[in-house]
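Protein chains get the first letters and strands the later ones, always in sequence-line order, with residue 1 at the start of each.
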2 protein chains.
Amino acid sequence: MKISTRGRYALRVMIDLAEHNSGEYIPLTDIAGRQEISEKYLESIVSMLSKSGFLMSLRGKGGGYRLTRLPEDYSVREILEVTEGSLAPIACLEQPTNTCPRASVCKSLDMWQGLYDVMRDYLSGISIADLAADTMEPGNFII
Amino acid sequence: MKISTRGRYALRVMIDLAEHNSGEYIPLTDIAGRQEISEKYLESIVSMLSKSGFLMSLRGKGGGYRLTRLPEDYSVREILEVTEGSLAPIACLEQPTNTCPRASVCKSLDMWQGLYDVMRDYLSGISIADLAADTMEPGNFII
DNA sequence: GTAATTCCTACTAAACCGGTAAGTTATAGG
DNA sequence: CCTATAACTTACCGGTTTAGTAGGAATTAC
């Protein structure tokens, strides 16, 4: 029940880009250097963000990555959902991909759905701009 | 970010024992049969529950397992914490075991702490009796 | 053309997950 | 005391995921 480095690093990349949101492309070397994360590993993570439309990229000299939206228009939830695959605590909740044969008799399913909802609601209410501003308190976003 | 079979099966065992809470010891064979889970695998899961004091056990003929408390006195949270190890979404929150060197500069830490709190609050409010009764609706326990 | 940069594919060591197998110890009933 | 039952213990194992590493191809600015 852990968020992997993929999701955590993705958030750090997004925060870094929000902090250097000048309109210019930021090369991955810079981000990797500032965040002290392997550039090669970051490549695979940034690739997901790029393919999902969260980032624009430009190859070659003067190239790099930049945000496609304002920092306040990215929710932590959507970043994590793309990099982690899904935030569902159990696979049975990933409809319609997954259909558990026990669903009709499962006494825990509604409890899991409730947990999923609580997590998504919380993470939907936090933006990359909120993280970059670093003015959060643990209880701030329990809406 | 998934709850493993250990946690899910543990809940099913607890629900099963709540439904057969006659005061007698219930052999694991019965539970495994009803729940259609490998008895051998369940052994390792039930062992955790027993060592944590959630269950009493008796060996030999007439033996088995039974609850040590009333079903309403077990929260889903404590069952999952024992079987999953911890519900913390990132290791940095597992104090004092883990101390991340970036904690002082980490812009996401409070956000993760908030997620952890939201999850624990939700799961603390649901008991094994609630699950056994099967009267839950997804939104019921967002307190 | 050259340097910078993203993009793509393949590989790998270690950890974790979901079990299986075999045998040991304790208990109840006859 | 004997036997069946059932918990307990230890060891093992194949598959998947995680967290990277490596090497090169394609693209762009100057």
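- Near DNA chain C, defined here as any heavy-atom distance below 4.0 Å, the residues from residues 10-38 of chain B are B:Ser38, listed numerically.
- Protein chain B contacts DNA chain D over a range whose 5' and 3' limits, counting nucleotides with an atom under 4.0 angstrom from a non-hydrogen atom, are D:dT5 to D:dT9.
- In terms of modelled atom types and a separation under 3.5 Å, the side chain of A:Asp130 and the main chain of A:Ser127 share a donor-acceptor contact.
- Using modelled atom types, one finds a donor on one side chain and an acceptor on the other under 3.5 Å when comparing A:Ser124 with A:Arg77.
- Between the side chain of A:Lys2 and the backbone N or O of B:Ala88, at least one donor-acceptor pair lies under 3.5 Å.
- B:Glu81 and B:Ser86 share no donor-acceptor pair across their side chains, judged by distance under 3.5 Å alone.
- With A:Tyr116 as the aromatic partner, A:Arg120 meets the cation-pi criteria of under 6.0 angstrom to the ring centre and within 45 degrees of the ring axis.
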Name every donor-acceptor pair, under 3.5 Å, that has one atom in a side chain of residues 37-47 of chain A and the other anywhere in the protein, sequence neighbours excluded.
residue, atom, partner, partner atom, Å
A:Ser38, OG, A:Lys40, N, 3.4
A:Ser38, OG, A:Tyr41, N, 3.1
A:Glu39, OE2, A:Thr29, OG1, 3.3
A:Tyr41, OH, A:Thr5, OG1, 2.9
A:Ser44, OG, A:Tyr41, O, 2.8

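- Taking every heavy atom of both residues into account, A:Gly23 and A:Arg66 meet most closely at O-CD, 3.1 Å.
- Using a 4.5 Å cut-off between side-chain heavy atoms of Ile, Leu, Val, Met, Phe, Trp and Tyr, A:Leu70 forms no hydrophobic cluster with any other residue.
- Remark: side-chain polar atoms of A:Thr68 are paired, donor with acceptor, to backbone N or O of A:Gly53 under 3.5 angstrom.
- For the segment residues 42-53 of chain B, the set of residues with a heavy atom within less than 4.0 Å of an atom of DNA chain D comprises B:Glu43, B:Lys51, in numerical order.
- Nearest-nucleotide positions on DNA chain D for A:Gly63 and A:Tyr41 put A:Tyr41 closer to the 5' end.
- Within the cation-pi definition used here (under 6.0 Å to the ring centroid, within 45° of the axis), A:Arg69 does not qualify as a partner of A:Phe54.
- For the pair A:Ile3 and B:Arg59, nearest-nucleotide mapping onto DNA chain D gives the more 5' position to B:Arg59.
- B:Tyr25 and B:Ile128 fall into different hydrophobic clusters, where Ile, Leu, Val, Met, Phe, Trp and Tyr residues are linked whenever their side-chain heavy atoms come under 4.5 Å apart, directly or through other members.
- Judged by distance alone, the side chain of B:Lys107 and the main-chain N or O of A:Ala132 form a donor-acceptor pair under 3.5 Å.
- Between the side chain of B:Tyr9 and the backbone N or O of B:Gln35 there is no donor-acceptor pair closer than 3.5 Å.
- The span of DNA chain C lying next to chain B, judged by atoms under 4.0 Å from heavy atoms, is bounded 5' to 3' by C:dC17 to C:dA28.
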